[in-house]
Participant: 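Here's a structure for you.
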Amino acid sequence: MTTTTGYEAYERAGELLRALSAPIRVAIVTELAEGERCVHELVDKLGAAQPLVSQHLRVLRGAGVVRGARRGREIAYTLVDEHIAHIVADAVSHAREAR
């Protein structure tokens with residue numbers, strides 16, 4: 001793991017927050033915080049169309065938030081690390097308190 005200091009850390013934090021800026025991506029991360037999920041499981045849980053879920057997973061993968069591992073004919077997605085789950089959980093908790 002590489003440690004980032006100075007302004008580069010702020011840039012990477014901004015990239016992470018941009019990747020998490022869509023509500024469906026927050027929901028995906030929340031689901032993955034509970035464990036590994038395949039696309040069809042996320043589709044069922046979130047009630048979103050499969051192409052939409054796949055598109056948002058692609059964004060999260062590109063940002064280094066999730067990773068996929070082939071499991072037979074499917075790809076199982078997991079969070080890259082637990083920090084992301086905590087960031088999202090705190091943001092959701094804060095949003096609930098703000099109302």
Side-chain angles (χ1 to χ4, degrees):
M1 176 181 257
T2 307
T3 302
T4 307
T5 59
Y7 195 76
E8 185 180 343
Y10 297 134
E11 288 175 335
R12 293 193 59 191
E15 290 169 11
L16 172 63
L17 294 173
R18 276 190 294 281
L20 296 172
S21 67
I24 190 167
R25 284 180 249 171
V26 171
I28 289 170
V29 170
T30 300
E31 282 301 311
L32 294 178
E34 295 179 20
E36 177 181 275
R37 302 279 190 274
C38 293
V39 174
H40 73 89
E41 293 170 314
L42 292 168
V43 166
D44 291 345
K45 185 69 176 183
L46 302 176
Q50 184 273 324
L52 183 64
V53 172
S54 293
Q55 176 185 1
H56 285 287
L57 282 166
R58 195 168 21 261
V59 171
L60 292 171
R61 238 186 4 252
V65 173
V66 302
R67 72 172 140 254
R70 184 147 301 276
R71 191 170 74 184
R73 296 180 62 191
E74 300 178 316
I75 297 176
Y77 290 92
T78 57
L79 295 177
V80 169
D81 68 43
E82 292 300 311
H83 289 109
I84 294 161
H86 293 292
I87 290 167
V88 168
D90 286 347
V92 170
S93 176
H94 177 74
R96 286 183 176 143
E97 291 171 0
R99 299 259 168 191

Participant: Restricting to pairs with a member in residues 60-73, which pass side chain to side chain donor-acceptor pair (under 3.5 Å), not counting sequence neighbours?
Facilitator: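 Found Glu36-Arg71, Arg61-Tyr77.
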Participant: Taking the side chain as every heavy atom from C-beta outward, state whether Val39 and Ile75 have any pair of such atoms under 4.5 Å apart.
Facilitator: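 Sidechains of Ile75 and Val39: no contact.
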Participant: Nearest heavy-atom pair of Ile24 and Ala48: which atoms, and what distance?
Facilitator: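 So the two residues come closest at CD1-CB, 3.7 Å.
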Participant: Please report the closest heavy-atom contact between Cys38 and Ala76, naming both atoms and the distance.
Facilitator: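 Heavy-atom minimum between the residues: SG-CA, 4.1 Å.
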Participant: Of Glu34, Arg37, Glu31, which is the lone residue that meets side-chain contact (heavy atoms from CB on, under 4.5 Å) with Lys45?
Facilitator: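 Of Glu34, Arg37, Glu31, side-chain contact (heavy atoms from CB on, under 4.5 Å) with Lys45 is met by Glu31 alone.
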Participant: Are Leu52 and Val66 connected in a single hydrophobic cluster, I mean Ile/Leu/Val/Met/Phe/Trp/Tyr linked by side-chain heavy atoms less than 4.5 Å apart?
Facilitator: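 Yes, it is one cluster - the side chains of Val66 and Leu52 are joined through contacts under 4.5 Å.
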Participant: With side chains defined as the heavy atoms from C-beta onward, is the minimum distance between Leu57 and Leu42 less than 4.5 Å?
Facilitator: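 Leu57 vs Leu42: side chains touch.
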Participant: Would you give the length of the straight line joining atom CG of Leu60 to atom CG of Leu79, rounded to the nearest 0.5 angstrom?
Facilitator: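 These two atoms lie 9.0 Å from each other.
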Participant: Rounded to the nearest 0.5 Å, how far does CG of Leu32 lie from CZ of Arg25?
Facilitator: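 That separation rounds to 13.5 Å.
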Participant: Checking Ser21 side chain against Arg18 main chain: does a donor-acceptor pair fall under 3.5 Å?
Facilitator: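 Between the backbone of Arg18 and the side chain of Ser21 there is a qualifying donor-acceptor contact (under 3.5 Å).
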Participant: Do the side chains of Ile87 and Val59 join up, straight or via other hydrophobic residues, at under 4.5 Å, putting them in one cluster?
Facilitator: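 Result: no, two separate clusters.
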Participant: Nearest 0.5 angstrom please: Thr30 OG1 to Leu46 CG, how far?
Facilitator: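 Nearest 0.5 Å value for the OG1-CG distance: 9.0 Å.
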Participant: If two hydrophobic side chains count as joined below 4.5 Å and joins carry through other members, does Val29 share a cluster with Leu17?
Facilitator: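 No, no single cluster joins them.
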Participant: Consider only side-chain heavy atoms of I, L, V, M, F, W and Y, link residues closer than 4.5 Å, and tell whether Val80 and Val65 are in one cluster.
Facilitator: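 Val80 does not cluster with Val65.
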